[in-house]
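Take a look at the structure set out below.
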Amino acid sequence: MKAQDVFDNLLVRNIVSYSVLITGYCLNGYGEEALPRFEKMQQEGIPPDGVTFTCILKACSSISALDKGEEIHAEIDRKGLLEKNIVLGNAVVDMYVKCGALAKAENTFNTLLVRDVISWNALISGYAQHGLNDEVFGCFKRMHEEGITPDAVTFVCIMKACGSLGSSEKAEEIHAEVRKHGLLGKHMMICNALIDMHAKCGSLAKAREVFDDLPVRDIFSWNALISGYVKHGLDAESLKCFAKMKEECISPDGVTFVCILKACSSMGSMEKGEDVHVEMGKQGFLER
């Protein structure tokens, strides 16, 4: 790595050079390489600052190094940095979430003197990933009470939780709030999450309405609608979508093929199933 070579040849290394190197490792997915550099920095008597701590917490998140993350959190606490640095506080919460330590994430979150939308999103996304839907909606309510405006990430997490619950009534409420915040049509991930939420809640007509209004549709849009049709036994509709998707030059992925094969099975359509099998073979999915 060129950056490491340049760093190794420096006659004097300081907090900036170490932070740049550690950040580089983290950004390129080499979290396990960042940790020994962090330790070496401290051995050389260079105290980490907020930027360094934030980067090394991301490294811990990427490799699920909970024990090391806890050590770093304790060091940050000793220095009193959480009270002064919201970015660092958010990084600690996010680290615990990504390492699966949700209780610790919530405890840290509750100690933050200032919380922004990123703080709330870190906690909400953790609850959503682990299927803790009541906690997701509880956080969403508290977030509103504290006057924090939800963003696209917040709504995607909320819609995921709603889809898991299968509540069409709740889905309508969330859809209305997304519209109220002016997010419809601005974020592809919001639109795809809306389709997926309505589909999982059994509101296929609503899912199709959102889908048809999209100026651009990607593989996730198609998969959300197709999987919704398959889940609710509308297999013929899923096959029509599959054909239309290919007409629009969107290449199916593994998720698409799994859904379509399930539809073929439910319909007892051996001929269509064989066609899909051949197509999967041509695209190399069977080998992978």
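Every value quoted in this text rests on a predicted model; they were computed, and no experiment measured them.
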Closest non-hydrogen atom pair between [X] and [Y], with its separation:
| X | Y | result |
| --- | --- | --- |
| L82 | G89 | CD2-CA, 3.5 Å |
| P48 | I15 | CA-CD1, 3.8 Å |
| C60 | M95 | CB-CG, 4.1 Å |
| S227 | C259 | CB-SG, 3.6 Å |
| S203 | S168 | OG-CB, 3.5 Å |
| I46 | N14 | CD1-CA, 4.0 Å |

Between atom [atom1] of [X] and atom [atom2] of [Y], what is the distance when rounded to the nearest 0.5 Å?
| X | Y | atom1 | atom2 | answer |
| --- | --- | --- | --- | --- |
| D253 | I219 | CG | CD1 | 4.0 Å |
| K40 | L21 | NZ | CG | 12.5 Å |
| E248 | R217 | CD | CZ | 4.5 Å |
| I250 | C241 | CD1 | SG | 12.5 Å |
| I158 | C139 | CD1 | SG | 8.0 Å |
| R37 | C26 | CZ | SG | 11.0 Å |

Without placing hydrogens or testing angles, list every side-chain donor-acceptor pair under 3.5 Å for residues 111-122, not counting sequence neighbours.
from : atom 1 : to   : atom 2 : distance (Å)
T111 : OG1    : T108 : O      : 2.6
R115 : NH1    : F109 : O      : 3.1
R115 : NH2    : E146 : OE2    : 2.8
D116 : OD1    : N90  : ND2    : 3.2
D116 : OD1    : I118 : N      : 3.1
D116 : OD1    : S119 : N      : 2.9
D116 : OD1    : S119 : OG     : 2.8
S119 : OG     : N90  : OD1    : 2.5
S119 : OG     : D116 : N      : 3.0
S119 : OG     : D116 : O      : 3.4
N121 : OD1    : T154 : OG1    : 2.6
N121 : ND2    : V117 : O      : 3.4
N121 : ND2    : D151 : OD1    : 3.0
N121 : ND2    : D151 : OD2    : 3.3

Only pairs at least two apart or in different chains count here, so list each side-chain hydrogen bond (donor to acceptor under 3.5 Å, both in side chains) that has a residue in residues 132-141. none
Could you check whether S238 and D235, counting side-chain N and O atoms only, form a donor-acceptor pair closer than 3.5 Å? no
If you group Ile, Leu, Val, Met, Phe, Trp and Tyr by side-chain heavy-atom gaps below 4.5 Å, do [X] and [Y] land in one group?
| X | Y | answer |
| --- | --- | --- |
| M41 | V16 | yes |
| V258 | L239 | no |
| F220 | V178 | yes |
| V255 | L225 | no |
| V97 | L132 | yes |

Mind checking whether [X] and [Y] have side chains closer than 4.5 Å, heavy atoms only?
| X | Y | result |
| --- | --- | --- |
| M245 | I226 | yes |
| L261 | M280 | yes |
| E237 | L204 | no |
| M159 | D196 | no |
| E274 | V278 | no |
| P150 | H144 | yes |
| M189 | V153 | yes |
| S221 | M188 | yes |

Taking only residues two or more places apart in sequence, or in another chain, which ones meet [X] in a salt bridge (Lys or Arg N to Asp or Glu O under 4.0 Å)?
| X | answer |
| --- | --- |
| K246 | E279 |
| E39 | K68 |
| E177 | none |
| E172 | none |

Centroid-centroid distance, H187 to F155, less than 6.0 Å: no
Is a side-chain donor or acceptor of S167 paired with a backbone partner of K170 at a separation under 3.5 angstrom?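 Side chain of S167 to backbone of K170: a pair is present.
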Contact list for residues 61-92, test ring pair (Phe, Tyr, Trp, His ring centres under 6.0 Å), sequence neighbours left out: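 As it turns out, the ring pair (Phe, Tyr, Trp, His ring centres under 6.0 Å) pairs with a partner in residues 61-92, which skip direct neighbours, are H73-Y96.
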Please collect all ring pair (Phe, Tyr, Trp, His ring centres under 6.0 Å) contacts where either partner lies in residues 232-287, sequence neighbours excluded, each pair once. F257-F285
Please report, to 0.1 Å, the donor-acceptor pairs under 3.5 Å made by any side chain of residues 51-59, with sequence neighbours excluded.
from : atom 1 : to  : atom 2 : distance (Å)
T52  : OG1    : S19 : OG     : 2.8
T52  : OG1    : D49 : N      : 3.4
T52  : OG1    : D49 : OD1    : 2.7
T54  : OG1    : G50 : O      : 2.8

Listed by chain and number, what are the side chain to side chain donor-acceptor pair (under 3.5 Å) partners of N107, not counting sequence neighbours? none
Taking only residues two or more places apart in sequence, or in another chain, which ones meet K104 in a side chain to side chain donor-acceptor pair (under 3.5 Å)?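 K104 satisfies side chain to side chain donor-acceptor pair (under 3.5 Å) with E70 only.
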Pairs under 3.5 angstrom only: tabulate donor-acceptor contacts from the side chains of residues 207-215 to other protein residues two or more places apart or in another chain.
from : atom 1 : to   : atom 2 : distance (Å)
R208 : NE     : D212 : OD1    : 3.1
R208 : NH1    : Y229 : OH     : 3.4

Is it the case that more than 12 heavy atoms not belonging to E169 sit under 6.0 Å from its CD atom? no
